[in-house]
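Note that the coordinates shown come from a computational prediction; the quantities given were computed from them, not determined experimentally.
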Amino acid sequence: MAQPTTKKPDLDLNKLAELGQRLSGTFSKYKTDRIVKDEEWLSNLRQFKGIYGEDVIIPPGRSKAFPRLTRAKCVTAKARLMDMLFPAGEKNWAVERSPRPQLGPTEFQAVLARMQQKGVALTRENIDAAIVRFADRRASRMEDVIASQFQAMQYEELVRKVVNSAVIYGTGVMKGPFVEQGVTTEPVQDPMTGQWTLAPVTVFRPVMEFVQVWDFFPDLSANDWNSCDGAFFRHVLTRHEFRQLAKRPDFIAKNIQKWLSDNASGNYQVPFYRNYMKALGFETLPSGTSDRIEIMEYWGYVSGHQLKDIGLIPDGENASSAEVPVNIWVVDNTVIKAVLNPIDGEFKPYHVFTYEQDDTSLLGYGIPTIMEDTQRAINAATRMLLDNASVTTGPIFEVNVDLLTPNGDADELAIRPFKVFTRESAGDGTVPAIRQIPVVNHVPDLMDIVTTMRQFATEETAISQSAVGDVEPSQESLRTSSGISMLMGASMIQIRDTVKNFDRFTKSVVNAM
């Protein structure tokens, strides 16, 4: 959770408290706007885990089977996406110069000096060519640096989490890059002795974080991510971790210490979805949550006039009515950090990958939503199939005990091979003492329904059995390698559109780097 440090100005704490109340109200609005998605995500998670919701009522003694076809589709989609996004030995991104590179005065003079050293005539054509070569070299070096930084932060593993979130919930979020300070060693030559030794050197490295969708609260009133007014990120810290923030120069130690003195316990309330997941039995809530502290981190815009009143904008600068990008941390209504956006270009630290875009919301939808009805149909057909099979496995008999003679058998009515029943002579001779009751077996018909629903799921998700190598060996197209290649290529046509969605995510991340 590293953040860039900035020099802390003198702030008006009273005005800052007003800003904290305003942001708390904004967060409440964002949280309310996301409730519909919260319910959808819970349904997706139940479907992925194979757990029925309250809307499905199964009588006692009936089958409760839940075929996890949704999980199979999600796992396949994730594996195929990662295979396509990170091919062995290749990068899925590149840094290239602009068609008409623009240099600053210093770089331009360096280009001219290099041309003069090589004796190249200073003509417009030669200068333009030299600028292009300079920009190509710089882009290549920048690409090498970013690739090294990606490797250090284990970028592929972070992306794997983002893709998994997008496949299940429709949205995957990565946050950053931020700055992390570290120490490394570099060879240094002693000017006196000429000996080379390793000396510690302080370095600053970029770091990125995967953000669970449950902790991400964007402005859902926006039409697209570029026009998004801001977003909140939820942090849940222990009291010790919260107290440690006071030691950082970019946090307001006075407000942190006051909040700790005014609150003997934490303010964290377990979200409804976590209580719901625990009730379903597939999450264990950690103990000691009452001592944890919930902090909301805001990246977005605040009025320039208000920031000047607080003291974030110096008096010497003109405060306009325009919105100014900021980074503010709030616990309850108390602001514990307030800085202007430390990165130029109105930097937004959230990078979002939507599996399939939703025209009604910034947050997309994933495979469980796409095949929800089909999964429900498969569940119902499977339960009927098993219930029907259970009662048709063996014969069902009707026994008239009044016509049978007790013979002292421990289980007189047991049906087994070579069993002999003795019958009383009294009674109607036309009525059998034991007769079989036929029950129609519908297993083949129900299997056809399940098979049809599986085909629907393939069409809805665009993830066929051939995507995981499960194909019929008798298919004519499998007789040649070119046929296999064409079949596999055709099976992934639609998922390539999802890859294009990821390209936008990659562009956002690389630009931020």
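Between Phe134 and Leu103, some side-chain heavy-atom pair lies under the 4.5 Å cut-off. Residues Trp41 and Arg34 are in side-chain contact: their nearest non-hydrogen atoms beyond the backbone lie under 4.5 Å apart. Using a 4.5 Å heavy-atom cutoff, the side chains of Tyr298 and Val330 are not in contact. Within the 4.5 Å cutoff, the side chain of Leu363 has no heavy atoms near those of the Thr354 side chain. Residues His235 and Trp329 meet the side-chain proximity criterion, which asks for heavy atoms closer than 4.5 Å. At a threshold of 4.5 Å between non-hydrogen side-chain atoms, the residues Cys74 and Phe48 count as touching. You'll find the side chain of Lys118 reaches within 4.5 Å of the side chain of Arg114, heavy atoms only. The closest side-chain heavy-atom distance from Pro206 to Glu180 is not below 4.5 Å.
For the pair Met371 and Ala457, the tightest heavy-atom approach, listed with the atom from each and the gap, is CE-CB, 4.0 Å. Between Ser43 and Glu372, the shortest heavy-atom distance links the atoms OG-OE2, 3.7 Å. Of all non-hydrogen atoms in Asp190 and Met192, the two that sit nearest each other are OD1-N, 2.8 Å. When every heavy atom of Thr461 is checked against every heavy atom of Tyr355, the shortest pair comes out as O-OH, 4.5 Å. Between Pro325 and Tyr301 the shortest heavy-atom distance is N-CD2, 3.7 Å. Nearest heavy-atom pair across Ala130 and Met115 is CB-SD, 3.6 Å.
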Checking side-chain contact (heavy atoms from CB on, under 4.5 Å) for the pair Leu237/Gln244: CA distance, chi angles, key distance, verdict?
-> CA-CA 10 Å; Leu237 307 181; Gln244 292 297 108; over 6 Å; no
May I have the step-by-step check of side-chain contact (heavy atoms from CB on, under 4.5 Å) for Ile127 and Val111, ending in yes or no?
-> CA-CA 8 Å; Ile127 291 174; Val111 169; 5.5 Å; no
Decide yes or no on side-chain contact (heavy atoms from CB on, under 4.5 Å) for Leu16 and Asn255, but give the supporting numbers first.
-> CA-CA 10 Å; Leu16 199 62; Asn255 283 358; 4.2 Å; yes
Between Met174 and Phe505, does a side-chain contact (heavy atoms from CB on, under 4.5 Å) hold up when you go through it step by step?
-> CA-CA 9 Å; Met174 186 180 290; Phe505 168 86; 3.9 Å; yes
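Looking at Lys73 and Glu460, no side-chain N of the basic residue comes within less than 4.0 Å of a carboxylate O on the acidic one, giving no salt bridge.
Within the 3.5 Å criterion, the main-chain N or O of Glu241 finds a donor-acceptor partner in the side chain of Thr238. Looking at Gln47, its side chain does come within 3.5 Å of a backbone N or O of Pro368 through a donor-acceptor pair. Using modelled atom types, no side-chain atom of Asn263 and backbone atom of Gly266 make a donor-acceptor pair closer than 3.5 Å. Listed for the Arg71 side chain is no donor-acceptor partner under 3.5 Å among the backbone atoms of Lys49.
Here side-chain hydrogen bond (donor to acceptor under 3.5 Å, both in side chains) pairs that include residues 500-510, with residues two or more places apart or in two chains, are His351-Ser508, Asn501-Arg504. Note on residues 14-31: pairs passing side-chain hydrogen bond (donor to acceptor under 3.5 Å, both in side chains), not counting sequence neighbours, are Ser24-Asn333, Lys29-Asp33. Legend: side-chain hydrogen bond (donor to acceptor under 3.5 Å, both in side chains) pairs involving residues 212-222, not counting sequence neighbours, sorted by first then second residue: Asp215-Arg234, Asp219-Ser221. Pairs engaging residues 129-142 under the side-chain hydrogen bond (donor to acceptor under 3.5 Å, both in side chains) rule: Arg97-Asp136 [sequence neighbours left out].
Ring geometry for Tyr350 against Phe216 counts as tilted: the plane angle lies between 30° and 60°, on a 0 to 90° scale.
Atoms CG and CD1, on Leu245 and Ile336 in that order, are 5.5 Å from each other to the nearest 0.5 Å. Put simply, CG on Leu11 and CG on Asp309 are 12.0 Å apart, with the number rounded to the nearest 0.5 Å. In this structure, CD on Gln357 lies 9.5 Å from OG1 on Thr498, to the nearest 0.5 angstrom. Considering CG of Asp38 and OG1 of Thr32, their distance stands at 10.0 Å, rounded to 0.5 Å. Distance check: Phe217 CZ to Phe233 CZ gives 11.0 Å after rounding to the nearest 0.5 Å. Taken from CG in Leu19 to CD1 in Ile328, the straight-line distance is 4.5 Å, to the nearest 0.5 Å.
Checking Ile293, Ile295, Val236, Asp291 one by one against Tyr268, the side chain to side chain contact (heavy atoms under 4.5 Å, CB included) holds for a single residue, Val236.
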Check: residues 143-170 side-chain donor-acceptor pairs under 3.5 Å, at least two apart:
| residue | atom | partner | partner atom | Å |
| --- | --- | --- | --- | --- |
| Glu143 | OE1 | Val95 | N | 3.0 |
| Glu143 | OE2 | Lys91 | NZ | 2.9 |
| Ser165 | OG | Thr171 | O | 2.7 |

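In this structure, the side-chain contact (heavy atoms from CB on, under 4.5 Å) partners of Glu356, at least two apart in sequence or on a different chain, are Tyr365, Ile370.
Between Phe178 and Trp299, the gap from one ring centroid to the other is short of 6.0 Å.
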